[in-house]
Amino acid sequence: MTNTYNPAAKSAPIGVFDSGLGGLTVLRELLTLLPQEDFVYLADNANAPYGLNSPATVRHDTLNNVDFFMSHGVKMIVFACNTSSAIALDAAKERAGSVPVIGVIDDGIKAAMQASADLNDPAKIAVLATEATVNNGIFAKELPGVFIDNNLPEPLVMQQACQEFVQLVEDGNWDGPLAEEMAEHYLADMRDNKEPDIAILACTHFPFLENVIQKALPKTKLVDCSKVLAYEVKEILNSMGLQNEKKHKSDLSFYVTEASPGIAQNIERILEIELAGVYHADIKNAEGFER
Ligand code: DGL
């Protein structure tokens, strides 16, 4: 890939977005692997949850997020959201021109492939995701081909929408009776009848519920996109000559599309950092797209 960037782009931030807090599971890995990079995180909470919106609405909101990042001069855009990645990645790439745009679907699939390496039989893979991602069907469509291309037996893929997990996470209910009840509600049938070998936590909110999901699926290996994605981002930065060369610690800016009391404390708790503030991104009324 040729680098058409101005050298100044090396010090530009990376834009990362989700509908809410879920993308912090991705940002956390990015911060660990790329401590010298700066990040702008956008939670489009005014339009959350994405998983209950129509594909046209998800596309509209995602492209507004892309415009927001472009106006912030980012050098790369990371979709820390499976729903947007399933529905709007191609449109966003077109919109962003020469700025690389990275989604998370391939990384979730790669994580499942790594986890299946020690299985003897074809893997039984559960995809736990939002309603919109399940309706889109991208994992069910892509998983078998990717496995076959990598000389692995064709897996059996089962999907389960677990939309209420998203609100549980936003409310800070990561464990305890309510989360356990919800996990049982969504996963008991799958555990008792199909017993998957691997479950892809195919919504970036779900890793926060890892303990309760594991309790509901005790024999299943849980994987998510975040580590694989962080390595992918590192590789792309290196191959495009875009690594930030300054030595100081990451600068982080956080934006929300709607004021949300307590969100700063939640971010601080998750990332174990102190925040100067969370800013308001007024992108709800951005022009140029039809809902
Ligand atoms: N965290 C997002 C995902 O990975 C979106 C969740 C939602 O807003 O429904 O799909």
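Both counts, for ligands and for their atoms, begin at 1 and track the order of listing. Nothing here was measured: the structure is a model prediction, and the numbers come from that model. The basis for the numbers below is simple: all heavy atoms, side chains too, and nothing from hydrogens, waters or symmetry mates.
- Of the listed residues (Phe39, Phe79, Tyr255, Phe254), just one forms a ring pair (Phe, Tyr, Trp, His ring centres under 6.0 Å) with Phe17, and that residue is Phe79.
- Considering every non-hydrogen atom in both Glu37 and Leu242, the closest pair reads OE2-O, 4.3 Å.
- Residues passing the salt bridge (Lys or Arg N to Asp or Glu O under 4.0 Å) test with Lys246, sequence neighbours excluded: Asp38.
- Glu131 and Asn135 form no side-chain donor-acceptor contact under 3.5 Å, judged by distance and modelled atom types alone.
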Quick check for students: name every N or O atom pair between ligand 1 and the protein closer than 3.5 Å, with distances.
{"from": "ligand 1", "atom 1": "1 (N)", "to": "Asp18", "atom 2": "OD1", "distance (Å)": "3.0"}
{"from": "ligand 1", "atom 1": "1 (N)", "to": "Asp18", "atom 2": "OD2", "distance (Å)": "3.2"}
{"from": "ligand 1", "atom 1": "1 (N)", "to": "Thr204", "atom 2": "OG1", "distance (Å)": "2.9"}
{"from": "ligand 1", "atom 1": "1 (N)", "to": "His205", "atom 2": "ND1", "distance (Å)": "2.8"}
{"from": "ligand 1", "atom 1": "4 (O)", "to": "Asn82", "atom 2": "N", "distance (Å)": "2.8"}
{"from": "ligand 1", "atom 1": "4 (O)", "to": "Asn82", "atom 2": "ND2", "distance (Å)": "3.4"}
{"from": "ligand 1", "atom 1": "4 (O)", "to": "Thr204", "atom 2": "N", "distance (Å)": "2.9"}
{"from": "ligand 1", "atom 1": "4 (O)", "to": "Thr204", "atom 2": "OG1", "distance (Å)": "3.3"}
{"from": "ligand 1", "atom 1": "8 (O)", "to": "Ser19", "atom 2": "OG", "distance (Å)": "2.6"}
{"from": "ligand 1", "atom 1": "8 (O)", "to": "Tyr50", "atom 2": "N", "distance (Å)": "2.7"}
{"from": "ligand 1", "atom 1": "9 (O)", "to": "Tyr50", "atom 2": "N", "distance (Å)": "3.4"}
{"from": "ligand 1", "atom 1": "9 (O)", "to": "Gly51", "atom 2": "N", "distance (Å)": "2.8"}
{"from": "ligand 1", "atom 1": "9 (O)", "to": "Gln163", "atom 2": "NE2", "distance (Å)": "3.1"}
{"from": "ligand 1", "atom 1": "10 (O)", "to": "Asn82", "atom 2": "N", "distance (Å)": "3.4"}
{"from": "ligand 1", "atom 1": "10 (O)", "to": "Thr83", "atom 2": "N", "distance (Å)": "3.1"}
{"from": "ligand 1", "atom 1": "10 (O)", "to": "Thr83", "atom 2": "OG1", "distance (Å)": "2.6"}

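- The residues Glu184 and Arg191 are annotated as salt-bridged, a charged nitrogen and a carboxylate oxygen being separated by less than 4.0 angstrom.
- Note on Lys219 versus Glu195: salt bridge recorded, some NZ/NE/NH1/NH2 to OD/OE distance being below 4.0 Å.
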